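The shown structure was predicted, so the numbers you read here are calculated from the model rather than taken from an experiment. Residues take their numbers from the sequence shown, with the count starting at 1.
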Amino acid sequence: MFCYNCGCTLSEKDFCTGCGADVGLYKKIMYVANRFYNDGLEKAQVRDLSGAVTSLRQCLKMNKNHIEARNLLGLVYFERGEVVAALSEWVISKNIRNEKNIADDYIEMLQNNPGKLDIYKQTIKKYNMALIYCQQDSQDLAIIQLKKVISMNTKFVQARQLLALLYINCEEWERAKKELERALRIDANNTMTQRYLKEVDEMMPTEEEPVKRRKEAIVYKSGNETVIQPVGKKEAVGLQTIFNIVIGVVLGLAIAWFLVLPSRIQKINDASNDKYREVSELLDAKTVQVNELTTQIDALREETTSLSNSLSAAQEANAAIGANTDLIEAALMYINDTADELAIADELELIDEDYIENEATESFRNLYAAIKAGIGDAVAKECYNVGYDAFRTEDYDTAITNLSRAYDYNPRNGEALYNLGNAYNKKGDTEKAVEIYEQVIEQFPNTEKARKSDTYIKEIKGN
């Protein structure tokens, strides 16, 4: 244990031997934090994940820089299917200790498997959609979404709990019990799961009732099936048999009567019946075929709409998570001063501009603008030097790239904009060169750059 004031290793004394600071209370707090961590570790080992989360959170309240507790909390969240919460804990852990931290391996494990990461994003989207369906009282749609979530992430405890709750609401006790038992196999001491399971056990019928009914019935085998016949139905079965025999006799007499009718009437009726039967069969076949095709078309339309919505939602979630990750990385490099301004600019430029303008939150835009303003002058200067040197050596593609970047990070740099127009002009892209020259004239009027730009425009247009 180290002193919070000077970093010196603490002894058994209640004061620091290095700086003399009073560390008695500090040592007690650290001991309590370690106790909570050990308790959380023991609970995690026996799959008491809810208890482990409670203990580890208490540990972090005592010592927010406890790396082992934070990494273990992330693993517990991941085991319960809460990938976003796990990733948040590992990112915080990495920010606290950047080197020799196993959180790097956990984050790299997710980032190096984009397919799995995309599945986790889809499960979150579908789970949120199921919650919306529940609020709209569309329980069938919510059940369908939750089944998809569980098939994609079998350890998502909250999804299993919500699915079991919907089954309880529909009085499907057996299905609810199966989901709750599967949730307990993941999180063995989850209070909410146990409470739901207790309610289900109380509502399910006991084993005595079916045994009693079985004793009051006649049970026999018919092939591979067991047939249960109530005892008091023997007389009814006998009467039913006699009634069926009478009906059979009457039907036989009626058939015999119709067979002795005149042959001419019989032939006419037979021909008419055959024709009617043929037309009816054709009509029925066409009707069935049309109905089947209509049903298939409707199903395909619904499936296409669902897939389109899922694809759009997945793409939006993927763009948001990627942009947030890139901004966090840029902010960490900017705050910790672990990279030069060009590296930070490279990280910022990974973020899609359409996302920033149309979908990003106000806080996201403010942080992005603050970082870009902080590195703007240095990036603009470096890019201008590289771009101008490339222009002089007639490497116009490199010049255009760097001069554009220099002007983007410092719009006051008229030289960058003017030389950008020259680079396009030398490259032969006169249309783009005229556009840049006109921008120089508009933004930097009454300057030598503006007069030269006007001259070049006239030369290009042949005036």
Here the gap from Ile119 atom CD1 to Lys126 atom NZ, rounded to the nearest 0.5 Å, amounts to 11.5 Å
Is any side-chain heavy atom of Tyr106 less than 4.5 Å from a side-chain heavy atom of Leu75?
-> yes
Do the side-chain N and O atoms of Ser50 and Asp187 include a donor-acceptor pair separated by under 3.5 angstrom?
-> yes
Do Asn169 and Gln139 meet the criterion of a side-chain donor-acceptor pair at a distance under 3.5 Å?
-> yes
Met109/Asp105 under side chain to side chain contact (heavy atoms under 4.5 Å, CB included): CA gap, chis, key distance, verdict = CA-CA 6 Å; Met109 173 189 68; Asp105 297 335; over 6 Å; no
Salt-bridge contact Lys178-Glu181 (side-chain N to carboxylate O under 4.0 Å) | no
Taking atom CG of Leu165 and atom CG of Leu146, what is their separation to the nearest 0.5 Å?
-> 10.0 Å
Looking only at atom types and distance, does a side-chain atom of Asn410 sit under 3.5 Å from a main-chain N or O of Ala406, one as donor and one as acceptor?
-> no
Roughly how far, to the nearest 0.5 Å, is the CG atom of Asn65 from the CD1 atom of Ile96?
-> 5.0 Å
Under 3.5 Å, is there a donor-acceptor pair between the side chain of Asn101 and the main chain of Asp104?
-> no
Would you say Lys427 and Asp397 make side-chain contact, with heavy atoms under 4.5 Å?
-> yes
Between Leu73 and Leu60, which heavy-atom pair has the shortest distance, and what is it?
-> CD2-CD1, 3.8 Å
If only atom types and distance count, is the side chain of Thr154 paired as donor or acceptor with the main-chain N or O of Ile150 below 3.5 Å?
-> no
Interatomic distance, Tyr37 atom OH to Asn63 atom CG [nearest 0.5 angstrom] | 12.5 Å
Return the minimal non-hydrogen interatomic distance between Tyr127 and Val149, and the atom names on each side.
-> N-CG2, 3.6 Å
With a 4.5 Å limit on heavy-atom distance, are the side chains of Leu180 and Arg160 in contact?
-> no
In Å, rounded to the nearest 0.5 Å, how long is the span from CD of Gln443 to CG of Leu417?
-> 6.0 Å
Does Arg97 CZ have over 12 foreign heavy atoms under 6.0 Å away?
-> yes
In short, salt bridge (charged side-chain N to carboxylate O under 4.0 Å, His left out) pairs touching residues 36-50 with sequence neighbours left out are Asp39-Lys43, Arg47-Glu79
So, the side chain of Asn128 versus the backbone of Ile124: is there a donor-acceptor pair under 3.5 Å, distance only?
-> yes
Salt-bridge contact Glu174-Lys177 (side-chain N to carboxylate O under 4.0 Å) | no
Donor-acceptor contact present, side-chain Asn385 to main-chain Lys381, <3.5 Å | yes
Asn190 vs Gln194, side chain to side chain donor-acceptor pair (under 3.5 Å): CA-CA, chis, key distance, verdict = CA-CA 6 Å; Asn190 190 290; Gln194 292 179 346; over 6 Å; no
Less than 4.5 Å apart, any side-chain heavy atom of Leu87 and any of Phe78?
-> no
Heavy atoms, side chains only, cut-off 4.5 Å: are Arg80 and Val53 in contact?
-> yes
Is there a donor-acceptor pair closer than 3.5 Å between any side-chain N or O of Ser88 and the backbone N or O of Val84?
-> yes
Side chain to side chain contact (heavy atoms under 4.5 Å, CB included) between Trp90 and Leu110: does it pass, once the steps are laid out?
-> CA-CA 11 Å; Trp90 292 334; Leu110 290 177; 4.1 Å; yes
Could you tell me whether the side chain of Lys155 reaches within less than 4.5 Å of the side chain of Asn153, counting heavy atoms only?
-> yes
Side chain to side chain, Ser404 and Leu420, heavy atoms closer than 4.5 Å | yes
Whether Thr193 side chain and Asn189 backbone form a donor-acceptor pair below 3.5 Å | no
Give the minimum heavy-atom separation between Thr123 and Met152, together with the two atoms involved.
-> CG2-CB, 3.5 Å
Looking at Gln122, Lys121, Lys116, which hits side chain to side chain donor-acceptor pair (under 3.5 Å) with Asp118?
-> Gln122
Euclidean distance, Leu131 CG relative to Met129 CE, rounded to 0.5 Å = 10.5 Å
Looking at Gly74 and Ala86, what are the two nearest heavy atoms and their distance?
-> O-CB, 3.0 Å
Please confirm whether the backbone N or O of Lys64 pairs with a side-chain atom of Arg70, one donor and one acceptor, at under 3.5 Å?
-> yes
Kindly give the heavy-atom pair with the smallest separation between Ala142 and Cys134, and that separation in Å.
-> CB-SG, 3.7 Å
Taking every non-hydrogen atom, the tightest pair across Ala44 and Ala52 = N-CB, 3.9 Å
With a 4.5 Å heavy-atom cut-off, do Tyr424 and Val434 have their side chains touching?
-> no
Got a sec, which pairs hit salt bridge (charged side-chain N to carboxylate O under 4.0 Å, His left out) with one end in residues 52-63, sequence neighbours left out?
-> none
Is there a donor-acceptor pair closer than 3.5 Å between any side-chain N or O of Trp173 and the backbone N or O of Ile168?
-> no
